[in-house]
Amino acid sequence: MAKCRRNVENFLEACRRIGVPQNQLCLPLHILEERGLPQVAGTVRALLDLAPPKHMPSPSTTPTGPSAASPLAL
């Protein structure tokens with residue numbers, strides 16, 4: 001259990017360093033005791049909001065047709 005607690009504390013500390021505001025961080029007990037799912041979700045949402053936007057290829061450069069199909073789909 002001590003290892004789990006340390007992992008949770010490391011995760012929350014990393015969130016702080018990345019820039020998640022303190023008021024949007026869940027408490028370790030929300031994760032460890034599997035209670036407080038809305039608070040955990042709020043922390044994850046705040047973390048995702050800080051992620052850089054993904055580069056989306058334009059439709060004109062996205063391959064289409066049979067050569068773009070997955071081999072499993074054939």
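Counting from 1, the numbers follow the sequence of the chain as shown.
Residues Val40 and Leu50 fall within the same hydrophobic cluster, defined by Ile, Leu, Val, Met, Phe, Trp and Tyr side chains chained together at heavy-atom separations under 4.5 Å. Using a 4.5 Å cut-off between side-chain heavy atoms of Ile, Leu, Val, Met, Phe, Trp and Tyr, with links allowed through other members, Leu37 and Leu47 fall into different hydrophobic clusters.
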**OP:** Step by step, work out the side chain to side chain contact (heavy atoms under 4.5 Å, CB included) result for Val44 and Cys26.
**Re:** CA-CA 9 Å; Val44 173; Cys26 63; over 6 Å; no
**OP:** Walk me through it: do Leu32 and Arg5 pass the test side chain to side chain contact (heavy atoms under 4.5 Å, CB included)?
**Re:** CA-CA 7 Å; Leu32 293 169; Arg5 182 167 189 79; 3.1 Å; yes
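Pairs of residues two or more places apart, or lying in two chains, that qualify as side chain to side chain donor-acceptor pair (under 3.5 Å) and include a residue from residues 24-38 are Glu33-Arg35.
Arg16 meets the side-chain hydrogen bond (donor to acceptor under 3.5 Å, both in side chains) test with Glu13, Gln22; sequence neighbours excluded.
With rounding to the nearest 0.5 Å, the separation of CD1 in Ile31 from CG in Asn7 is 10.5 Å.
Val8 and Pro28 get closest at one heavy-atom pair: CG1-CA, 3.8 Å.
Residues Phe11 and Leu25 form no side-chain contact, since every pair of their non-hydrogen atoms from C-beta on lies 4.5 Å or further apart. The side-chain heavy atoms of Asp49 and Arg45, taken from C-beta on, include a pair separated by under 4.5 Å.
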